[in-house]
Asker: 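One structure, pasted below without further comment.
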Protein chains: 2
Amino acid sequence: MDLPNDEDPLDLDRQVCFPLYAASNLLNRHYRPILAELGLTYPQYLVMLVLWKNSPQTVGSLGDMLHLDSGTLTPLLKRMEGAGLLDRTRDPEDERRVMVGLTDYGREMRQQAEQVPARLVQNLDLDEATTAALRDQVRTLVSVLNRAADAKP
Amino acid sequence: MDLPNDEDPLDLDRQVCFPLYAASNLLNRHYRPILAELGLTYPQYLVMLVLWKNSPQTVGSLGDMLHLDSGTLTPLLKRMEGAGLLDRTRDPEDERRVMVGLTDYGREMRQQAEQVPARLVQNLDLDEATTAALRDQVRTLVSVLNRAADAKP
DNA sequence: ACTTTTTATATTGTGTACAATATAATGGCG
DNA sequence: CGCCATTATATTGTACACAATATAAAAAGT
């Protein structure tokens with residue numbers, strides 16, 4: 001009844017999606033202890049990366065950058081506000097919008113965070129070429145996924 | 001104060017990890033409506049893929065395949081048992097182990113599931129070459145992540 | 001100006017992930 | 001045999017993700 005693996009469309013090894021899922025979980029697990037020293041989770045770290053580039057900005061633009069919606073971001077940002085990393089204030093220009101901006105503490109954390117990428121790569125013993133090639137491939141996939149998402153609804 | 005993007009180690013676009021994270025979330029989102037017709041979530045679908053290859057097997061071997069621990073699997077498997085997809089029984093040979101096996105309903109679902117990969121690829125309009133290249137890259141990363149995980153603790 | 005529609009967040013409910021811890025059964029080892 | 005470390009799963013507590021829905025402000029239409 002079982003097909004040989006290279007013909008079975010349901011073979012785990014034939015799916016792009018499974019390695020991607022596994023890689024994402026495993027990477028998160030590698031980040032966790034490093035980011036825990038800063039008191040951050042991985043999604044929180046991503047929010048900080050975006051804000052260190054440009055603060056303040058709206059919840060919506062954060063969501064566009066990170067491909068997350070308010071259902072994920074609102075509680076996450078509230079926890080970060082509670083931790084003193086950022087402020088959330090309604091935009092007086094447009095009361096629907098919430099501006100998210102770094103606090104002094106949030107800005108200062110950037111110093112520490114600069115060591116994070118190096119520490120991760122060191123832990124994983126990844127070479128630069130592999131990393132760069134992979135990054136480009138995955139980025140291509142992300143744009144495909146976004147195109148498909150835009151086309152449908 | 002801002003560095004140009006190609007020198008800033010904290011630039012979002014320079015991280016492998018972020019596109020991987022985004023791709024994993026986006027893929028999950030694409031799978032969701034397709035799998036919802038079968039009453040499955042994506043991790044539940046992965047469990048079914050493993051069981052269709054080999055049923056029954058222990059919680060531990062499922063976890064090894066999917067890189068998930070009992071904290072994730074136990075409640076997930078209980079929900080799947082509740083949905084009538086599988087059975088969970090203590091192994092009489094070793095009462096610590098729980099054998100997870102497909103029910104008739106679970107086995108029959110395989111027919112429907114065979115259309116899932118094709119429907120996904122069709123939705124995304126991905127070509128075979130890109131998919132294969134990406135899959136190999138990500139698989140390489142997964143093995144690196146596992147090596148690093150084994151080396152540490 | 002008033003109504004309708006759209007837009008920006010927030011809330012609710014379900015389902016993962018995972019660290020830390022608990023529990024119970026096996027397998028040594030003296 | 002009895003004790004102890006190990007192993008296999010379960011539980012607890014925290015933090016995402018996201019669909020569906022709710023809320024309220026702004027924009028558009030009449």
Side-chain angles (χ1 to χ4, degrees), chain A residues 21-37 39-47 56-64 66-83 85 88-100 145 149 152-153, chain B residues 21-37 39-47 57-64 66-83 85 88-100 149 152-153:
Chain A
Y21 163 84
S24 181
N25 284 344
L26 289 168
L27 256 180
N28 200 321
R29 223 171 292 169
H30 281 284
Y31 265 110
R32 193 180 294 260
I34 299 175
L35 292 176
E37 297 173 20
L40 293 176
T41 65
Y42 184 63
Q44 289 174 7
Y45 170 66
L46 294 178
V47 167
Q57 58 183 293
T58 64
V59 173
S61 64
L62 279 170
D64 288 342
L66 303 176
H67 307 289
L68 296 172
D69 67 4
S70 73
T72 301
L73 282 174
T74 298
L76 190 156
L77 294 172
K78 283 184 175 175
R79 279 187 288 270
M80 295 178 75
E81 186 179 34
L85 293 163
R88 295 161 61 250
T89 52
R90 287 276 164 188
D91 182 353
E93 305 281 309
D94 181 344
E95 289 280 342
R96 291 172 302 180
R97 288 204 282 250
V98 170
M99 301 303 295
V100 180
L145 292 172
K152 280 297 152 63
Chain B
Y21 163 84
S24 180
N25 284 344
L26 290 169
L27 256 180
N28 201 320
R29 224 170 292 171
H30 282 284
Y31 265 110
R32 193 179 293 260
I34 298 176
L35 293 176
E37 296 174 20
L40 294 174
T41 65
Y42 185 62
Q44 290 173 6
Y45 171 66
L46 294 178
V47 168
Q57 57 183 294
T58 65
V59 173
S61 63
L62 280 169
D64 288 343
L66 303 176
H67 308 289
L68 297 172
D69 67 4
S70 73
T72 301
L73 282 175
T74 297
L76 190 154
L77 294 172
K78 283 184 176 174
R79 277 188 287 271
M80 293 178 76
E81 187 179 33
L85 294 163
R88 295 161 60 252
T89 51
R90 289 275 165 190
D91 183 354
E93 306 280 309
D94 182 344
E95 288 280 343
R96 291 171 304 180
R97 288 204 281 251
V98 170
M99 301 303 295
V100 180
K152 279 298 155 58

Asker: Give the B/S/- string for nucleotides 14-21 of chain D, one per nucleotide from 5' to 3', where a protein heavy atom under 4.0 Å of the base yields B, of only the sugar-phosphate yields S, and otherwise -.
Answerer: -SSBBS--
Asker: For the pair Arg90(B) (side chain) and Arg96(B) (backbone), establish whether a donor and an acceptor sit closer than 3.5 Å, ignoring hydrogens and angles.
Answerer: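 Yes; at least one donor-acceptor contact below 3.5 Å.
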Asker: Distance check needed: dA27(D) C1' versus Glu93(A) CD, whole Å only.
Answerer: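 Atom-to-atom, Glu93(A) to dA27(D), this comes out as 16 Å.
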Asker: Nearest to the side chain of Arg88(B) - dA26(D), dA10(D), dA10(C)?
Answerer: dA10(D)
Asker: Rounded to whole Å, please give me the gap between OH in Tyr31(A) and P in dA19(C).
Answerer: 16 Å
Asker: Roughly how far, to the nearest 0.5 Å, is the CE atom of Met80(A) from the CG atom of Leu85(A)?
Answerer: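 Going from the CG atom of Leu85(A) to the CE atom of Met80(A) covers 5.0 Å.
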Asker: Side chain of Arg90(A) only, heavy atoms from C-beta on: which candidate in dT9(D), dA26(D), dT9(C) is closest?
Answerer: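 Closest of the options to the side chain of Arg90(A): dT9(C).
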Asker: Round to a whole Å and report the spacing from CG of Asp91(A) to P of dA26(D).
Answerer: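 One finds 9 Å between P of dA26(D) and CG of Asp91(A), rounded.
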Asker: To the nearest angstrom, how far is Leu35(B) atom CG from dG15(C) atom P?
Answerer: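 To the nearest whole Å, that distance equals 14 Å.
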Asker: Which atoms form the tightest heavy-atom contact between Leu76(B) and Pro43(B), and what is the distance?
Answerer: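 Result for this residue pair: CD1-CB, 3.7 Å.
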Asker: Tell me: CD of Glu95(A) to C1' of dA27(D), nearest whole Å?
Answerer: 16 Å
Asker: Is the shortest side-chain N/O distance from Lys78(B) to OP1 or OP2 of dT11(D) below 4.0 Å?
Answerer: yes
Asker: Send over the distance from Leu40(B) CG to dT14(C) P, rounded to a whole Å.
Answerer: 18 Å
Asker: Apply side chain to side chain contact (heavy atoms under 4.5 Å, CB included) to residues Asn25(A) and His67(B) and explain how you reach the verdict.
Answerer: CA-CA 8 Å; Asn25(A) 284 344; His67(B) 308 289; over 6 Å; no
Asker: Could you tell me the separation between the CD atom of Gln44(B) and the CZ atom of Arg79(B), rounded to the nearest 0.5 Å?
Answerer: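 Taking CD in Gln44(B) and CZ in Arg79(B), the distance rounds to 6.5 Å.
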Asker: In whole angstrom, give the distance that lies between atom CZ of Arg97(A) and atom C1' of dA27(D).
Answerer: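 Interatomic distance, CZ of Arg97(A) to C1' of dA27(D): 13 Å.
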Asker: Could you tell me the separation between the CG atom of Asp94(A) and the P atom of dA27(D), rounded to a whole number of Å?
Answerer: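 Rounding to the nearest Å, CG of Asp94(A) and P of dA27(D) are 6 Å apart.
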Asker: Answer yes or no: is there a side-chain heavy-atom contact under 4.5 Å between Thr58(A) and Met99(A)?
Answerer: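 When only atoms from C-beta onward are counted, Met99(A) and Thr58(A) do touch, with a gap below 4.5 Å.
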Asker: Any N or O donor-acceptor pair linking the side chain of Arg96(B) to the base of dT9(D) at under 3.5 Å?
Answerer: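 When only heavy-atom distances are counted, Arg96(B) does not reach the base of dT9(D) through any donor-acceptor pair under 3.5 Å.
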Asker: Determine the minimum heavy-atom distance between Leu35(A) and Tyr42(A), stating which atoms define it.
Answerer: CD1-CA, 3.7 Å
